[in-house]
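Atoms within a ligand are numbered from 1 in the order they appear, just like the ligands themselves.
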Amino acid sequence: MPNRSNRRQFLQTTAATGIGFWVAGGLRAEESKSPNEKVRMASVGIGGKGSSDSGDAGSKGQMVAICDVDTSRLEAAGKRFPGAKMFTDFRKMLEEMEKDIDAVTVSTPDHTHAPAALMAMRMGKHCFCQKPLTHTIYEARLMGQVAREKKLATQMGNQGTAMPGLRKGAALLRANVLGKVSEVHVWTNRPIWPQGGDRPAPTPCPAHLKWPEWLNVAPDRPYANGYHPFSWRGWWDFGTGALGDMACHTVNMPYMGLQLRDPVSVQAVTSGHNKDSYPKWSIITFEFPANDWRPGLKMVWYDGGKRPDKALLHGKDASGSGCAVIGEKGLLYSPNDYGADFEFIGDIDKDAKVDFPQSPGHFDEWVNAIKGGPQPMSNFPDYAGPLTETILLGNLAVWVADKGEGQKVEWDPKGLKVKNISGLEQIVKPVYRSGYTLDV
Ligand SMILES: NC(=O)c1ccc[n+]([C@@H]2O[C@H](COP(=O)([O-])OP(=O)(O)OC[C@H]3O[C@@H](n4cnc5c(N)ncnc54)[C@H](O)[C@@H]3O)[C@@H](O)[C@H]2O)c1
């Protein structure tokens with residue numbers, strides 16, 4: 001593969017047009033493919049969302065390896081990718097095929113994102129990883145650092161980031177059409193999986209599932225029906241609850257438009273939980289400090305049937321998922337998973353002209369970046385990492401809110417530390433089981 005590190009620095013299209021103001025310039029793949037070369041892809045987790053991620057990887061590149069711990073899913077995917085080698089352990093796949101792989105997609109349960117993605121990126125592989133970027137805050141910071149150090153093309157799977165509606169909404173917020181913004185409210189109809197209960201009783205593990213590999217870096221526990229597939233979302237060891245599942249979508253537009261990162265405090269009210277399963281519902285308040293172009297503001301998250309007060313939304317519906325941004329001139333209301341459709345209520349210049357960069361498509365942004373194009377919008381160091389850190393901070397507040405209102409968690413975003421409560425270190429930074437590497 002030719003070394004193309006001396007090619008011109010890429011033009012910061014997003015920075016030039018206004019909404020990419022926090023996208024640092026000059027990230028370039030050390031070894032990028034030429035536009036005509038096929039990117040040699042490997043996919044980790046090829047069932048569920050991994051089915052479409054591996055489909056994208058295989059259609060836009062050449063699939064050389066697939067990995068899944070469920071052999072029935074793996075064999076089914078093998079028929080879609082007859083030329084690909086099959087694995088049930090991503091460590092083996094990466095070690096054996098290091099020289100044959102350029103880029104990796106990761107679509108596993110949340111707790112396995114960082115172990116797989118970090119190993120791949122440390123080997124210099126470009127990475128597309130599902131949302132939330134990681135299971136813990138420390139992993140999100142580390143993923144960004146490794147991606148930057150290795151100059152890799154990276155993209156998180158919050159596909160709304162590429163939608164013109166989301167980018168326009170963000171650009172309008174950035175253009176201050178609402179005047180001074182004081183509050184953001186975000187809600188979801190999740191969880192649509194069990195949360196707030198006790199562990200299911202152990203059951204025999206089906207022969208097609210490699211349970212130790214599925215557990216991966218998580219603490220040991222016996223197999224039971226109710227984790228794989230999909231329902232792992234409700235368990236602290238594997239998922240990130242309703243917040244982690246949806247906020248990288250529903251918070252994304254206000255995050256882009258209002259630069260909602262590095263909150264200084266977070267506080268939750270919950271239905272109560274046993275620190276094994278997430279609560280049935282939670283309401284979480286994030287406080288963001290003022291920055292050089294907008295005042296401080298608060299964001300409130302609602303899940304499990306909780307909703308913002310109808311009066312705040314001027315009577316609008318909050319039964320699905322969506323967000324509302326309240327400014328001195330009125331309200332932006334978006335009853336949409338991605339913030340890509342919205343309306344304004346109040347004396348607002350709805351026709352304000354704003355520029356925002358058009359995307360060739362979320363996955364294409366990543367493939368183009370591997371071939372020397374601009375870094376994708378939801379790249380790990382500048383966008384997806386800080387978004388995931390912010391969102392997962394909400395789960396720290398949920399952790400301390402055993403029932404009812406929890407203590408306010410005061411946060412030092414630079415040092416990645418809780419300032420006022422001890423004992424949360426393992427929620428911020430996990431301990432991997434032996435055989436898997438977090439820090440090197
Ligand atoms: N962007 C989106 O709209 C969207 C939608 C759904 C899910 N997701 C994300 O995709 C990820 C997967 O969610 P899902 O609903 O597909 O879950 P799932 O449980 O249905 O599928 C996960 C797949 O990964 C496999 N797997 C588990 N551990 C593995 C390991 N260690 N190595 C290799 N394969 C492994 C499983 O066997 C399964 O095939 C999550 O992070 C989720 O948040 C994103």
Q) What is the distance from atom CD of Glu343 to atom OG of Ser334, rounded to the nearest 0.5 Å? A)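 Going from CD on Glu343 over to OG on Ser334, the span is 9.5 Å.
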
**Q.** Spacing of His249 atom NE2 and Met163 atom CE [to the nearest 0.5 Å]
**A.**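 Reported value, rounded in 0.5 Å steps: 8.5 Å.
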
Can you confirm whether the side chains of [X] and [Y] place a donor and an acceptor under 3.5 Å from each other?
X      : Y      : value
Asn216 : Tyr436 : yes
Ser265 : Glu287 : yes
Gln407 : Gln267 : no

Is the distance between the ring centroids of [X] and [Y] under 6.0 Å?
X      : Y      : value
Trp236 : Trp399 : yes
Tyr255 : Tyr383 : yes
Phe128 : Trp366 : yes
Phe342 : Tyr333 : no

Q. Quick check: are there more than 12 heavy atoms from other residues, nucleotides or ligands sitting under 6.0 Å from NZ of Lys49?
A.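 Yes, NZ of Lys49 has more than 12 neighbouring heavy atoms, counting only those of other groups under 6.0 Å.
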
Distance filter under 4.0 Å to [X] heavy atoms, resulting ligand 1 atoms:
X      : answer
Asp70  : 37 (O)
Gly48  : 16 (O), 20 (O)
Cys67  : 33 (C), 34 (N)
Thr112 : 31 (N)
Asn216 : 31 (N)
Val44  : 32 (N), 33 (C)
Asp110 : 40 (C), 41 (O), 43 (O)
Trp214 : 27 (C), 28 (N)

Residue and atom name of the nearest protein heavy atom (relative to [atom]), distance in Å to one decimal:
atom                    : answer
atom 15 (O) of ligand 1 : Arg233 NH2, 2.9 Å
atom 27 (C) of ligand 1 : Pro109 CD, 3.3 Å
atom 31 (N) of ligand 1 : Glu213 O, 3.2 Å
atom 44 (C) of ligand 1 : Gln130 OE1, 3.0 Å
atom 24 (O) of ligand 1 : Gly45 CA, 3.6 Å
atom 3 (O) of ligand 1  : Gln159 NE2, 2.9 Å
atom 16 (O) of ligand 1 : Lys49 N, 2.6 Å
atom 26 (N) of ligand 1 : Val69 CG2, 3.7 Å

Between [X] and ligand 1, find which residue part has any heavy-atom pair under 4.0 Å and reply side chain, backbone, both or neither.
X      : answer
Arg73  : side chain
Ser107 : backbone
Lys131 : both
Thr108 : both
Asp68  : both

N or O contact, [X] vs ligand 1, cut-off under 3.5 Å:
X      : result
Phe230 : yes
Gly47  : yes
Leu209 : no
Trp232 : yes

(Q) Exactly one of Asp68, Asp70, Val69 should register a side chain to side chain contact (heavy atoms under 4.5 Å, CB included) with Glu213. Which one does? (A)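 The residue from Asp68, Asp70, Val69 that satisfies side chain to side chain contact (heavy atoms under 4.5 Å, CB included) with Glu213 turns out to be Val69.
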
Q) Applying the side chain to side chain contact (heavy atoms under 4.5 Å, CB included) test to Trp411, which of Thr390, Val264, Val418 qualifies? A)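 Exactly one pass, corresponding to Val418.
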
Q: Start with the C-alpha gap between Tyr138 and Glu389, add the side-chain angles, then the distance that decides, and say whether side chain to side chain donor-acceptor pair (under 3.5 Å) holds.
A: CA-CA 8 Å; Tyr138 177 84; Glu389 282 184 27; over 6 Å; no

(Q) Run the side chain to side chain donor-acceptor pair (under 3.5 Å) test on Ser107 and Asp53 for me, step by step, so that the C-alpha distance in whole Å, both residues' side-chain angles and the decisive distance to 0.1 Å come before the verdict. (A) CA-CA 7 Å; Ser107 316; Asp53 290 343; 2.7 Å; yes

Q. What pairs meet the ring pair (Phe, Tyr, Trp, His ring centres under 6.0 Å) rule with one or both residues in residues 58-113, with sequence neighbours excluded?
A.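 Listed by first then second residue: His111-Trp214, His111-Phe238.
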
